Amino acid sequence: MQFMLLFSRQGKLRLQKWYVPLSDKERKKISRDLVQTILARKPKMCSFLEWRDLKIVYKRYASLYFCCAVEDQDNELITLEIIHRYVELLDKYFGSVCELDIIFNFEKAYFILDEFLLGGEAQETSKKNVLKAIEQADLLQECTFPV
Amino acid sequence: MPAPIRLRELIRTIRTARTQAEEREMIQKECAAIRSSFREEDNTYRCRNVAKLLYMHMLGYPAHFGQLECLKLIASQKFTDKRIGYLGAMLLLDERQDVHLLMTNCIKNDLNHSTQYVQGLALCTLGCMGSSEMCRDLAGEVEKLLKTSNSYLRKKAALCAVHVIRKVPELMEMFLPATKNLLSEKNHGVLHTSVVLLTEMCERSPDMLLHFRKLVPQLVRILKNLIMSGYSPEHDVSGISDPFLQVRILRLLRILGRSDDDSSEAMNDILAQVATNTETSKNVGNAILYETVLTIMDIKSESGLRVLAINILGRFLLNNDKNIRYVALTSLLKTVQTDHNAVQRHRSTIVDCLKDLDVSIKRRAMELSFALVNGNNIRGMMKELLYFLDSCDPEFKADCASGVFLAAEKYAPSKRWHIDTIMRVLTTAGSYVRDDSVPNLIQLITNSVEMHAYTVQRLYKALLDDISQQPLVQVSSWCIGEYGDLLVSGQCEEEEPIQDEVLDVLEGLLVSNLSTPVTRGYSLTAIMKLSTRFSSVNRIKKVVSIYGSSIDVELQQRAVEYNALFKKYDHMSTVVLSKSSLFYRFNLHVLYYLVSLLFQANDLLDLLGGNDVVPVIQTTLPTKPASAGGELLDLLGDLSLSTYSKNGLKIEFTFERANPNPNIAVITIHATNTTEADMTEFVFQAAVPKTFQLQLLSPSSNIVPALNQGSVTQVIRVLNPQKQQLRMRVKLTYTHKGSPVQDLAEVNNFPPQSWQ
């Protein structure tokens, strides 16, 4: 995976995880253009598209779009499962997750993602283990509300 | 100093902003507070401030001043600090800035930390954004962790190693020993990441590939266990056990089995098993099937297995889920060359996908359809493809049209069918046809000798209906020019036009706003060619001469030269323009070039002899009176110059200055005729040295009346930015008493006031 973006239906970015080295300016441009392209698509269209020289896999969950750019050899259908797994993790952690949870607790959304994927690949395929790790790490925090 | 506001508080506040400006103001205020807090080296709240900065960064605001603070957080002993610090590093730092190298030591320490979650943070950061330098420095630590028995760390180390290898491929070797027992792990996380690591190594190095081939039996066993084992709640997804791991194993098997008979043989059974037993009601099952199909098609599988794979793809094509249809079409496109017959069996389903609503699916279906066209199915397939061409989105039309032309060329069952197909494309998608199609089609039509009459008749009819599609118009014009005699001679099956009607149509193209300059060129040449095929030569000559003063330089040049062809080389025009000549086969540009070669001796452009030649631009300004400079302020007064007087023709120049540009001299020529016969078809041309620019406006008329009964006036505007001495070469052509006359003259005696 090259990057993952989460954005709202108004095109506001809620999370951006980059696994390839790009400057801030380049990232902004890619985000802006890709978000616009996806928002322009009709609901009945398929979840995959070729954009520039990337394969894009995206899925909408309520008011949030989850969008990944994957390599040529990557299996698009399993990427949909990866996206789904991440949503399930967020759901379990926040308890019926909604966009507001991710807005107000974005740093936690990142922590969860970083326990699930590393360098763009899944590091743990058990839902239980990912959540357990997050739980333990949360306990390590020196105070309950650090930020 | 009050504590900085909390992150959630800030988020809440910023979200209340009603305008972009209001938000910007809030952000600026908070950034200022954060900056001063950073300056004070406040350890307690650094974490909170950086977190806020990361939020603002996500909104699109600059946050580079927080980069060093992230490094301080990473170096802190507090886990909370490290967590935010590493997150900040991954978001704000990039390997192009030297700052990131300062992380290296911290990461090294944290890789050896006593708490596995801290080690985990370090591994994650390194594996996500580590630069080549960092990877070189820390590869040893990663390798160490790859051998640990702690599965939490081992799985992360494996993916971190993948990143290191991607950044510094030479380091791959050092990870080899650690891979020894990776697949004996029970932990799925470790298994999954190990398979990813092995895949990366095998893809990069043929030696590694050979080395790891021996793992095939072990991989097959693991896969078998996943399929056969009962329900495992921890890894279950819709009844399938750890689909992520299954897919990665299948992918690694693909790489190991490729071009190796033994390995392919060893995985044959398991592939067949997965292909037949996987539950397909949900996406997850189909994801595994998809990967299986890709593997079967890529290794040296037996034919039965390949047919099984293609049939799976065929079933995918019928799936309601468009994502499944999409991957099926993509895969079929990859295999259509190697397993052509098997894919052919699914042709009708593929063709049905042309009607799908999704653009990506339509495109793939189109590409696949063209790949499947052959001599047997050409008629049926073309029907579908032409129907698709009619109704598809504009973005497809060009590719589809090209595909149709190619397929028609390869498999046309008859010449007539071929021409009809081309006609159909030109009439339905004529404006999307690629530019290079036009000469190709002309060549094709030329070669179909027995179809000429039929073709020109059909193309003529098409022109009557629609002149907006340029490629169609161009091909039609060319055909009419070439085969116009067949069009009017009674060889056509239907009502045939008369010559004047045909010329009407071609002339209509010349004046239409819809015609591009290229199209006009085709039309003019076609009209010209008809002069040897039609009897209404005078009409043609008239049209051609009108375009001698066309605003379009190309057309003008052609018309002038064709004009001259009429006059001087009448005997040659039949040669140049007739069907039986060599030129018949050449396209428009070559024809034009050859015609212009005829004029080398009297080169219209070479008016000054030598190299300083400036093209003459004659412009047609329909409503401007001949003495355009007359109404401007006459600063030069009545300055005039008698430039030419010969054979009864007298030319006088008068001068004005153009207003407002003082660099432009406006010269009006007055031509008068003292002889007792009119001088008709009078054309005045001028050329000036390179440093000048010249513009000739249209003349008042082409006839210089006899016995000074009137004059022809024409305005010349000369731009002289370098204020050089004006020189001019003049060429005069006219017809007098039935004979053509031509003369050249040089005008050097311009009064200084006219050009200073």
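Chain letters run A, B, ... following the sequence lines, proteins first and then strands; every chain starts at 1. Computed over heavy atoms, backbone and side chain alike; hydrogens, waters and symmetry mates excluded. Since the structure is predicted, the reported quantities are computational estimates derived from the model, not experimental observations.
Heavy-atom pairs under 4.5 Å with chain B peak, among A:Glu50, A:Gln16, A:Glu88, A:Lys128, at A:Glu50. Among the candidates A:Asp114, A:Leu15, A:Leu117, the residue making the largest number of heavy-atom pairs closer than 4.5 Å to chain B is A:Asp114. Of the residues considered (B:Lys82, B:Arg48, B:Glu9), B:Arg48 shows the highest number of contacts with chain A, using heavy-atom pairs under 4.5 Å. Between chain B and the residues A:Gly119, A:Gly120, A:Ser31, A:Ala137, the most heavy-atom pairs under 4.5 angstrom are made by A:Ala137. Contact count versus chain A (heavy atoms, under 4.5 Å) is highest, among B:Val237, B:Leu91, B:Leu92, for B:Leu91. For chain A, the option among B:Lys156, B:Glu95, B:His235 with the highest count of heavy-atom pairs below 4.5 Å is B:Lys156. For the options A:Lys12, A:Lys42, A:Arg85, heavy-atom pairs under 4.5 Å to chain B are most numerous at A:Arg85. Chosen from B:Thr330, B:Leu7, B:Leu126, the residue pairing most often with chain A at heavy-atom distances under 4.5 Å is B:Leu7. Counting heavy-atom pairs closer than 4.5 Å to chain A, the top residue among B:Met58, B:Arg363, B:Arg248, B:Arg6 is B:Met58. Heavy-atom pairs under 4.5 Å with chain B peak, among A:Ala122, A:Ser23, A:Cys143, A:Cys46, at A:Cys46. The most heavy-atom pairs under 4.5 Å with chain A, out of B:Val359, B:Val284, B:Thr193, come from B:Val284.
Looking at B:Tyr45, there are no atoms closer than 4.5 Å to chain A (heavy atoms on both sides), in backbone or side chain. For B:Thr125, no part sits under 4.5 Å from any heavy atom of chain A, backbone or side chain. Only the side chain of A:Arg41 comes within contact range of chain B, with at least one heavy atom under 4.5 Å from a heavy atom of that chain. With a threshold of 4.5 angstrom between heavy atoms, B:Asn283 approaches chain A through its backbone and through its side chain. Within the 4.5 angstrom heavy-atom criterion, only side-chain atoms of A:Lys17, from C-beta onward, approach chain B. Contacts of B:Glu200 with chain A are absent, with no heavy-atom separation under 4.5 Å from either backbone or side chain. Heavy atoms of A:Lys28 lying under 4.5 Å from chain B belong exclusively to its side chain. Both the backbone and the side chain of A:Gln73 come within less than 4.5 Å of a heavy atom of chain B. With a threshold of 4.5 angstrom between heavy atoms, B:Lys362 does not approach chain A through any atom at all. Within the 4.5 angstrom heavy-atom criterion, no atom of B:Leu10 approaches chain A. Residue contact with chain A, scored on non-hydrogen atoms closer than 4.5 Å, involves the backbone and the side chain of B:Arg12 alike. Neither the backbone nor the side chain of B:Leu357 comes within contact range of chain A; no heavy atom of the residue lies under 4.5 Å from a heavy atom of that chain. If you measure heavy-atom distances from B:Phe79 to chain A, the contacts under 4.5 Å come from both the backbone and the side chain. Looking at B:Asn286, both its backbone and its side chain come within 4.5 Å of chain A, counting heavy atoms on both sides.
The pair B:Arg154-B:Glu185 meets the salt-bridge criterion, since a charged nitrogen lies less than 4.0 angstrom from a carboxylate oxygen.
Among the candidates B:Arg258, B:Lys334, B:Arg251, the single residue satisfying the salt bridge (Lys or Arg N to Asp or Glu O under 4.0 Å) test with B:Asp298 is B:Arg258.
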TODO: Could you walk me through whether B:Glu234 and A:Lys132 pass the salt bridge (charged side-chain N to carboxylate O under 4.0 Å, His left out) test, one step at a time?
DONE: CA-CA 12 Å; B:Glu234 200 177 328; A:Lys132 200 161 70 175; over 6 Å; no

Open item on the list: Walk me through whether B:Arg325 and B:Asp356 qualify under salt bridge (charged side-chain N to carboxylate O under 4.0 Å, His left out).
Closed with: CA-CA 10 Å; B:Arg325 292 204 297 275; B:Asp356 202 298; 2.6 Å; yes

- [ ] Go through the steps to decide whether A:Glu115 and B:Tyr117 satisfy the test side chain to side chain donor-acceptor pair (under 3.5 Å), and finish with yes or no.
- [x] CA-CA 10 Å; A:Glu115 276 302 327; B:Tyr117 297 105; over 6 Å; no

Open item on the list: Applying side-chain contact (heavy atoms from CB on, under 4.5 Å) to A:Arg60 and A:Arg9, what does each step give before you reach the verdict?
Closed with: CA-CA 9 Å; A:Arg60 203 183 112 204; A:Arg9 276 193 290 176; 3.6 Å; yes

Open item on the list: Run the salt bridge (charged side-chain N to carboxylate O under 4.0 Å, His left out) test on B:Arg83 and A:Asp138 for me, step by step, so that the C-alpha distance in whole Å, both residues' side-chain angles and the decisive distance to 0.1 Å come before the verdict.
Closed with: CA-CA 10 Å; B:Arg83 242 185 166 184; A:Asp138 282 350; 2.8 Å; yes

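Using a 4.5 Å heavy-atom cutoff, the side chains of A:Leu34 and A:Trp51 are in contact. The shortest distance between side-chain heavy atoms of A:Glu81 and B:Pro243 does not fall below 4.5 Å.
Within the model, atoms CE of B:Met90 and SG of B:Cys70 stand 10.5 Å from one another, a figure rounded to the nearest 0.5 Å. Taking SG from B:Cys202 and CG from B:Leu252, the interatomic distance works out to 5.5 Å, rounded to the nearest 0.5 Å.
A donor atom on one side chain and an acceptor atom on the other are not found under 3.5 Å apart for B:Asn49 and B:Arg46.
Applying the side chain to side chain contact (heavy atoms under 4.5 Å, CB included) rule to A:Lys29 yields the partners A:Arg32, A:Asp33, A:Arg52; only residues at least two apart in sequence or on another chain are considered.
Ring planes of B:His192 and B:Phe244: perpendicular class, angle over 60° (limits at 30 and 60°). Ring pair A:His84/A:Tyr61 is tilted by interplanar angle, where 30° to 60° counts as tilted.
The backbone N or O of B:Gly130 lies less than 3.5 Å from a partner atom in the side chain of B:His163, making a donor-acceptor pair. A side-chain donor-acceptor contact under 3.5 Å links B:Lys322 to the backbone of A:Lys44.
Residues from residues 100-113 of chain A that place a non-hydrogen atom less than 4.5 Å from a non-hydrogen atom of chain B comprise A:Leu100, A:Ile103, A:Phe104, A:Asn105, A:Phe106, A:Glu107, A:Lys108, A:Tyr110, A:Phe111, given in numerical order.
Annotation: A:Lys92, atom NZ; neighbour count of heavy atoms from other residues, nucleotides and ligands within 6.0 Å does not exceed 12.
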